[in-house]
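The analysis underlying the following values was restricted to heavy atoms, covering all of them including side chains, and did not include hydrogens, waters or symmetry mates.
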Amino acid sequence: MPLGLRKKKTKTRESSNLVENEEVGGNVGSGAKSAVNGAGLPPPPVNLRPKLVFHTQLAHGSPTGRIEGFTNVKELYSKIAEAFNLTAAEILFCTLNTHKIDMEKLLGGQIGLEDFIFAHAKGLKKEVEVFKAEDALGLTITDNGAGYAFIKRIKEGSVVDSVKVINVGDHIECINGKNIVGSRHYEVARMLKELPKDLAFTLKLVEPMKAFDMLEPRSKGTKPGGESKIGTGRGTLRLRSKGPATVEEMPTEFEEKAVKKVDDLLESYMGIRDMELAATMVEVGRDKNNPDEFAMALDEALGDFAFPDEFVFDVWGAIGDAKFGRF
């Protein structure tokens with residue numbers, strides 16, 4: 001079936017449940033929200049879950065806790081909350097191997113077997129009015145896979161950059177009074193993109209709780225495509241939206257480069273960044289022989305997103321480059 005003629009699905013699927021995204025502008029996708037445990041299968045029995053133990057702390061300071069027996073990000077947050085007598089709703093996001101709000105160390109779909117998990121809890125709430133002087137706000141939006149969208153990066157010189165109380169790591173709770181908790185990153189990016197130009201709008205934000213040594217000048221976030229390897233173990237725990245978590249070998253150098261390239265394409269075409277989504281797309285395309293096969297496989301696996309045809313061609317090219325070592 002020619003790529004340009006493939007049909008959009010009328011019946012939406014539940015979207016995959018993990019993390020990241022970018023610059024607000026031209027975002028597309030359906031309004032479907034993730035199911036509580038992701039689309040598809042219920043959590044596997046406890047005796048079938050990986051018997052792995054991870055160490056964790058609250059990013060603003062706490063004793064070290066031990067967690068195990070989780071298969072997706074929501075279960076992980078619940079385990080962390082139990083360890084520190086919190087509710088899962090109090091956790092905004094997690095970083096790996098650093099207590100700082102480092103957007104290149106966000107916990108996504110993979111955890112190195114020796115990674116240390118830092119949980120960033122809710123801190124101060126704030127309400128901000130922003131005048132949308134340009135079509136693009138200069139925000140990078142990501143989500144934690146459990147219903148919270150937050151700011152990953154602020155573009156220098158942008159509309160939002162001029163509003164100094166908005167910071168990287170802030171959770172976006174409401175837009176113009178509408179509660180958006182539970183929305184995916186691409187949905188939030190689309191909402192912001194669709195706000196009318198030359199009018200003011202309000203954001204209700206929740207910033208991560210900070211320790212004393214984290215009170216430093218405002219960060220713009222990391223640059224896209226920055227080199228940053230997460231995990232020092234020889235394997236990773238892969239958290240999936242369907243089925244149980246699995247222990248896998250660390251991705252090859254070419255696979256890592258392909259995932260980063262696809263993540264950059266997600267930002268360029270759709271205004272989001274999502275390393276887990278990028279990794280899924282690379283996995284879907286690994287055994288496909290041409291872009292039409294790849295397009296149909298994407299519709300089956302990720303029909304919610306309604307990817308533009310040009311984007312699919314470019315992703316296919318990036319996967320091909322990885323297969324043949326053309327990076």
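- The shortest distance between side-chain heavy atoms of Asp170 and Pro208 falls below 4.5 Å.
- Between the side chain of Asn144 and the backbone N or O of Leu92, at least one donor-acceptor pair lies under 3.5 Å.
- When every heavy atom of Lys288 is checked against every heavy atom of Trp316, the shortest pair comes out as O-CH2, 2.9 Å.
- Hydrophobic clustering (ILVMFWY, side-chain heavy atoms < 4.5 Å, transitive): Val181 and Met191 are in one cluster.
- Residue Ile111 is grouped with residue Leu106 when hydrophobic side chains (ILVMFWY) are merged at heavy-atom distances under 4.5 angstrom, including chains of intermediate members.
- Residue Ser183 comes nearest to Val188 through the heavy atom pair CB-CG2, 3.9 Å, listed as atom of the first residue, atom of the second, then distance.
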Output, in order, the C-alpha distance, side-chain angles, deciding distance and verdict of side-chain hydrogen bond (donor to acceptor under 3.5 Å, both in side chains) for Thr64 and Gln57. CA-CA 5 Å; Thr64 299; Gln57 288 181 358; 2.8 Å; yes
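- Between Ser62 and Phe84, the shortest heavy-atom distance links the atoms OG-CE2, 3.4 Å.
- In this structure, Leu203 CG and Leu195 CG are separated by 8.0 Å, a value rounded to the nearest 0.5 Å.
- Annotation for Ala89 and Lys122: closest pair O-CE, 3.1 Å, computed over non-hydrogen atoms.
- Judged by distance alone, with hydrogens and angles left aside, the side-chain atoms of Thr95 form no donor-acceptor pair with the main-chain N or O of Ile101 at under 3.5 Å.
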Between Asp135 and Lys132, does the salt bridge (Lys or Arg N to Asp or Glu O under 4.0 Å) criterion hold? Intermediate values first, please. CA-CA 7 Å; Asp135 288 325; Lys132 190 175 183 183; 5.6 Å; no
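- Side-chain contact between Asp161 and Lys155 is absent, with no heavy-atom pair separated by less than 4.5 Å.
- Shown here for Leu265 and Ala318, the closest heavy-atom pair between the two residues is CD1-CB, 4.5 Å.
- Side-chain contact of Thr87 with Glu90: a donor-acceptor pair under 3.5 Å is present, judged by distance alone.
- Note that the CG atom of Asn167 and the CD1 atom of Ile154 stand 6.0 Å from one another [nearest 0.5 Å].
- Atom NZ of Lys197 sits in a crowded spot, with more than 12 heavy atoms from other residues, nucleotides or ligands closer than 6.0 Å.
- Counting only distance, with no hydrogens or angles, the side chain of Lys126 and the backbone of Val165 share a donor-acceptor pair below 3.5 Å.
- Under the ring pair (Phe, Tyr, Trp, His ring centres under 6.0 Å) test applied with His171, the options Tyr148, Phe150, Phe93 reduce to a single match, Tyr148.
- Closest non-hydrogen pair, Ile172 versus Ile175, comes out as CG2-CG1, 4.0 Å.
- Taken together through direct or relayed side-chain contacts under 4.5 Å among Ile, Leu, Val, Met, Phe, Trp and Tyr, Phe118 and Leu86 form parts of separate hydrophobic clusters.
- Val160 and Phe131 fall into different hydrophobic clusters, where Ile, Leu, Val, Met, Phe, Trp and Tyr residues are linked whenever their side-chain heavy atoms come under 4.5 Å apart, directly or through other members.
- Under the 4.5 Å side-chain heavy-atom criterion for Ile, Leu, Val, Met, Phe, Trp and Tyr, Phe116 and Leu76 are members of distinct hydrophobic clusters.
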